[in-house]
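Read through the structure below, which is laid out as structure tokens, and then see the notes.
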Amino acid sequence: MSETTTKRMEDIVALCRRRGFIFQSSEIYGGINGFWDYGPYGSELKRNLKNAWWEDIVHGDMVGPTGEPVKIVGVDCTIIMNPKVWEASGHVGGFADMMSTCRHCKRLVRTDHVWDMVHESPWFAALSELYADGVVDSPALVRWAQQKGKKLAPNLALVRNPEVTLSWLAERMADGQTAMGVQEFVQHLASEQVARDGLALPCPHCGGDLAEPKPFNLMFKTLVGAVEDPSNIAYLRPETAQGIFANFDNVVDSSRVKVPFGIAQIGKAFRNEVTPRNFTFRSREFEQMELEFFIHPSEAEQWYAWWRDNRYAWWKSIGLAGDNLILREHDRDELAHYAKEGAGTSDIEYRFPFTAPGFGELEGVAHRADFDLKAHAEHCGKGEKMRYFDQARNERYFPHVIEPSAGADRGALALLCEAYTPDESRASKVFMNFHPRVAPVKAGIFPLVAKDGMPEIAEKLHKELRRRHVVEMDAKQSIGKRYARMDECGTPYCITIDGDTANDQAVTIRERNTQSQERVALDKVGAFLDEKIHGDS
RNA sequence: GCGGGUGUAGCUCAGUGGUAGAGCGUCACGUUGCCAACGUGAAUGUCGUCGGUUCGAAUCCGAUCACCCGCUCCA
């Protein structure tokens, strides 16, 4: 990362703090890692982003790939749900996943997945071949360790210290009471100190030995009810999606929707991240804007492509129009467990100053197939009875899901980064180039000077406009200073009442980016703002 | 979790063992005639926190917290 981009992120963070966009949570007590508060302007910005999403997704008038209007309804689910929800979703197996850290490559692996992963690894395949007939061929093993093994499993005990490892293996063979399976054979090859530590569990990635398994779960735990008892454990949701899936039947039964349709939700989610990083980008408490769009399985491809393109265009429309925004189709091997066989997964990514020249995820669009609805059907015990009945097709099925899942905080952060525009020529040295739709303040209202009836006219205009728009009136200090302040918080328009206003009933409106001014009739100012904020331009 | 860096007013920083400072910003009053004008005045600090050394610590030592950077992690 270059110094200029690092520097720039620091400047953005400083501006966020200085102008009241984002503060560290509980800062007066030294803060808390991974939690952030939004100040006056920041909360407006984030609210504008969420409102824009909700208006366009839930209240929008989109036409889908089939030519039909796109039907979407909203829900607002609880943060704490029945813990079984998270068993069904795969977020928790029992109550805690055991995780092991590799002592060599430091990677974290789910302990119950270790052998599955080892069996899929190329170095395991090579070693099982060498043990195909159940005979230990030491010279062949040493040869492998000195050549291929160095690349495939650099931290395997056999590779690091063949003599010692093979001597333990020889001891085991000499003992020879029971036959040795290939798994135990490999464990021997992964163990350097058998007498002291016993047989090691090999790291699937590098062959190194895995440390003692520890319970590890990224979900926050809490207790429901005042009694402290393990049976009362519940979790703060790590994603909002499951509330939607768990309510699928409720929504279908109560709101006359039929497939294809969507259920949308905006809400907080919590992940106890190992390392919160990069300002608000990876927080432990964050807000998601999630849509689960339910479709007939045969239409997955076209709806997936449609939503992917639609969501990409949406982010562009609210101000991420530059080439910092990209749409990236996932490779097959990085797909989540629920999406392996699907139509695909894409990320909409933004080039943040701290990821540059790389990109960070803003929104994922995934074809989750029927993974979630099926899982909940199985876990709640209703099973096949929960299949959706499609009247038009006269068919029962679990609908497939296209999930556009966006981060509200990441979105707000991307808007802040994109808007941040250094400009040495102006007093503030920087202005925030927000799209009028998301700008925290739409207009500043200024009497050019605080006399000759100008403040009174400004006050009257302020009273009128504030019913429909977030506007700020300021009569103090020089006009240049007031413009500069508005530049720094990204207010797109400044309305100035001057000495002529009383006579011609008109004001000047200064546009933030160009600093140009136009004269607008006093009674047309509201319409002017409407047009700029909601119009196409 | 590992390694490196940083921490003094809202911001940028000065202050290397002896009374916590400057500029900018903020606020008030005056002035004002379209881009941080000017004058006068004012407020603002657990020197990140806790502990130790010392007659005395922003300064030296230890721990800790937070942020930034590089790994790791993100099911």
Side-chain angles (χ1 to χ4, degrees), chain A residues 1-3 5-7 9-20 23-36 39 86 89-93 96-99 101-113 205 211 214 216-219 238-239 271-284 286 334 336-338 353-354 360-361 364 407 423 425-431 444 446-452 454 475-488 494-501 507-512 514-517 519:
Chain A
M1 181 175 296
S2 75
E3 190 164 325
T5 54
T6 306
K7 180 77 179 150
M9 193 59 214
E10 282 167 17
D11 293 344
I12 293 169
V13 172
L15 182 137
C16 283
R17 188 189 151 58
R18 189 169 72 244
R19 290 276 88 136
F23 309 121
Q24 210 179 343
S25 172
S26 24
E27 194 194 76
I28 59 168
Y29 293 103
I32 176 166
N33 194 351
F35 297 87
W36 300 90
W86 308 112
S89 69
H91 285 84
V92 62
D97 293 334
M98 300 303 275
M99 303 287 284
T101 313
C102 174
R103 288 201 173 91
H104 296 91
C105 72
K106 305 289 182 194
R107 268 189 260 241
L108 209 55
V109 186
R110 256 179 79 161
T111 310
D112 60 345
H113 287 174
H205 303 285
K214 277 185 271 190
F216 194 94
N217 198 300
L218 260 40
M219 284 196 289
E239 61 176 35
R271 289 184 200 180
N272 208 348
E273 298 285 356
V274 177
T275 315
R277 264 298 163 83
N278 291 329
F279 202 28
T280 59
F281 183 78
R282 178 168 298 135
S283 309
R284 290 187 163 127
F286 56 98
E334 63 175 313
H337 56 291
Y338 50 75
F354 49 80
E361 182 185 348
D423 180 355
S425 76
R426 61 177 83 195
S428 55
K429 306 291 182 208
V430 62
F431 67 100
F446 306 146
L448 183 57
V449 288
K451 61 179 185 186
D452 299 342
M454 294 179 217
K476 298 289 172 70
Q477 298 172 316
S478 73
I479 192 74
K481 192 171 246 187
R482 285 175 275 165
Y483 285 155
R485 278 197 283 244
M486 289 293 106
D487 278 352
E488 225 183 10
C494 290
I495 303 161
T496 302
I497 288 85
D498 60 24
D500 296 331
T501 302
V507 294
T508 56
I509 299 184
R510 169 203 187 254
E511 202 274 329
R512 176 195 58 209
T514 60
Q515 299 176 273
S516 62
Q517 299 184 352
R519 195 107 185 133

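Residue numbers begin at 1 in each chain, while the letters A, B, ... track the order of the sequences.
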* To do: Check whether any side-chain N or O of A:Lys481 sits under 4.0 Å from OP1 or OP2 of B:C35, and answer yes or no.
  => no
* **Interatomic distance, A:Arg18 CZ vs B:C11 P [rounded to whole Å]** => 9 Å
* Taking atom P in both B:G5 and B:U53, what distance in whole Å separates the two? -> 28 Å
* Distance, rounded to the nearest Å, where A:Ile495 contributes CD1 and B:C35 contributes P -> 19 Å
* To do: Mind calculating the distance between CG (A:Asp423) and P (B:A36) to the nearest angstrom?
  => 13 Å
* To do: Quote, to the nearest angstrom, the C1' distance that separates B:G15 from B:U31.
  => 37 Å
* Just call it for A:Gly34: base, sugar-phosphate, or nothing, with non-hydrogen atoms closer than 4.0 Å on any strand. => sugar-phosphate
* Hunt down the Watson-Crick or G-U wobble partner of B:C27, both distances under 3.5 Å, from any strand shown, or write none. => B:G41
* Asked: So what does A:Phe279 touch, heavy atoms closer than 4.0 Å: a base, only the sugar-phosphate, or nothing?
  -> sugar-phosphate
* **Pairing nucleotide - B:C55, Watson-Crick or G-U, each distance under 3.5 Å** => B:G18
* Indicate yes or no: at least one non-hydrogen side-chain atom of A:Phe431 is less than 4.5 angstrom from one of A:Glu488. => no
* Nearest-nucleotide wise, let me know which of A:Val13 and A:Arg519 is further upstream toward the 5' end of RNA chain B. => A:Arg519
* Nearest of B:U26, B:U32, B:A75 to any side-chain atom of A:Gln477? -> B:U26
* To do: Could you work out which one of B:A75, B:C34, B:G33 sits closest to the side chain of A:Lys451?
  => B:G33
* Expressed in whole Å, how much space separates the P atoms belonging to B:G39 and B:U32? -> 15 Å
* A:Arg284 (side chain) donor-acceptor with A:Asn33 (main chain) under 3.5 angstrom -> yes
* To do: Ignoring backbone atoms, test whether A:Arg17 places a side-chain nitrogen or oxygen under 4.0 Å from the OP1 or OP2 oxygen of B:G10.
  => no
* Asked: Could you state the CG-C1' distance from A:Asp452 to B:U31, rounded to the nearest angstrom?
  -> 13 Å
* Name the pairing partner of B:U32, where a pair is Watson-Crick or G-U wobble with both distances under 3.5 Å, or state none. => none
* To do: Using the P atom on both, measure B:A42 against B:G1 and round to a whole Å.
  => 49 Å
* Structure fact -> From CD of A:Glu239 across to P of B:C74 the rounded distance in Å is 16 Å
* Pick base, sugar-phosphate or nothing for A:Glu488, based on heavy-atom distances below 4.0 Å to the nucleic acid. => base
* Do the side-chain N or O atoms of A:Arg485 get closer than 4.0 angstrom to the phosphate oxygens (OP1, OP2) of B:U26? -> yes
* Can you say whether the rings of A:Phe446 and A:Tyr483 are parallel (under 30°), tilted (30 to 60°) or perpendicular (over 60°)? -> tilted
* To do: May I ask you to test the A:Arg485-A:Arg482 pair for a side-chain heavy-atom distance under 4.5 Å?
  => yes
* Asked: Which heavy atom in A:Pro238 sits nearest to a heavy atom in A:Phe286, and how many Å separate them?
  -> O-CZ, 4.1 Å
* Atom P, compared across B:A20 and B:G4: separation rounded to whole Å -> 35 Å
* Tell whether A:Arg282 reaches the base of B:C74 with its side chain through a donor-acceptor pair below 3.5 angstrom. => yes
* Whole angstrom is fine here: how far is it from CD1 in A:Ile12 over to P in B:C69? => 11 Å
* To do: Rounded to whole angstrom, note down the C1' distance from B:U12 over to B:U6.
  => 15 Å
* Touch check for A:Met486, heavy atoms < 4.0 angstrom, all strands: base, sugar-phosphate only, or nothing? -> nothing
* Asked: What nucleotide among B:A66, B:C69, B:C35 has an atom nearest to a side-chain atom of A:Asn33?
  -> B:A66
* Asked: Given atom CD1 of A:Ile509 and atom C1' of B:C34, what is their separation to the nearest angstrom?
  -> 14 Å
* **A:Arg510 side chain reached by A:Thr496 side chain, heavy atoms, under 4.5 Å** => no
* Asked: Can a side chain N or O of A:Gln24 be found less than 4.0 Å away from OP1 or OP2 on B:C65?
  -> no
* **Interatomic distance at P, B:U26 relative to B:G10, whole Å** => 14 Å
* Does A:Lys476 put a side-chain nitrogen or oxygen below 4.0 Å from OP1 or OP2 of B:A28? -> yes
* **Closest to side chain of A:Val449, choosing from B:G33, B:G10, B:C35** => B:G33
* Tell me what A:Asp498 touches on the nucleic acid: a base, only sugar-phosphate, or nothing, going by heavy atoms under 4.0 Å. => base
* To do: Answer yes if the ring centres of A:Phe281 and A:Phe354 are under 6.0 angstrom apart, and no otherwise.
  => yes
* Across the strands shown, which category fits A:Leu448 at heavy-atom distances under 4.0 angstrom: base, sugar-phosphate, nothing? -> base
* Nearest-angstrom distance from the residue atom CD of A:Gln517 to P of B:C35 -> 8 Å
* Is the closest side-chain heavy-atom distance between A:Thr501 and A:Met454 below 4.5 Å? -> no
* Gap in Å between the two P atoms, one belonging to B:C68 and one to B:U44, rounded -> 31 Å
* **Pair of N/O donor and acceptor under 3.5 Å linking B:C35 base with A:Arg510 side chain** => yes
* Asked: Which one is paired to B:C67, where only Watson-Crick or G-U wobble pairs with both distances under 3.5 angstrom count?
  -> B:G5
* To do: Considering just the side-chain nitrogens and oxygens of A:Thr508, establish if one lies under 4.0 Å of OP1 or OP2 belonging to B:C34.
  => no
* Reckon A:Asn278 has a side-chain N or O less than 4.0 Å from the OP1 or OP2 of B:C69? -> yes
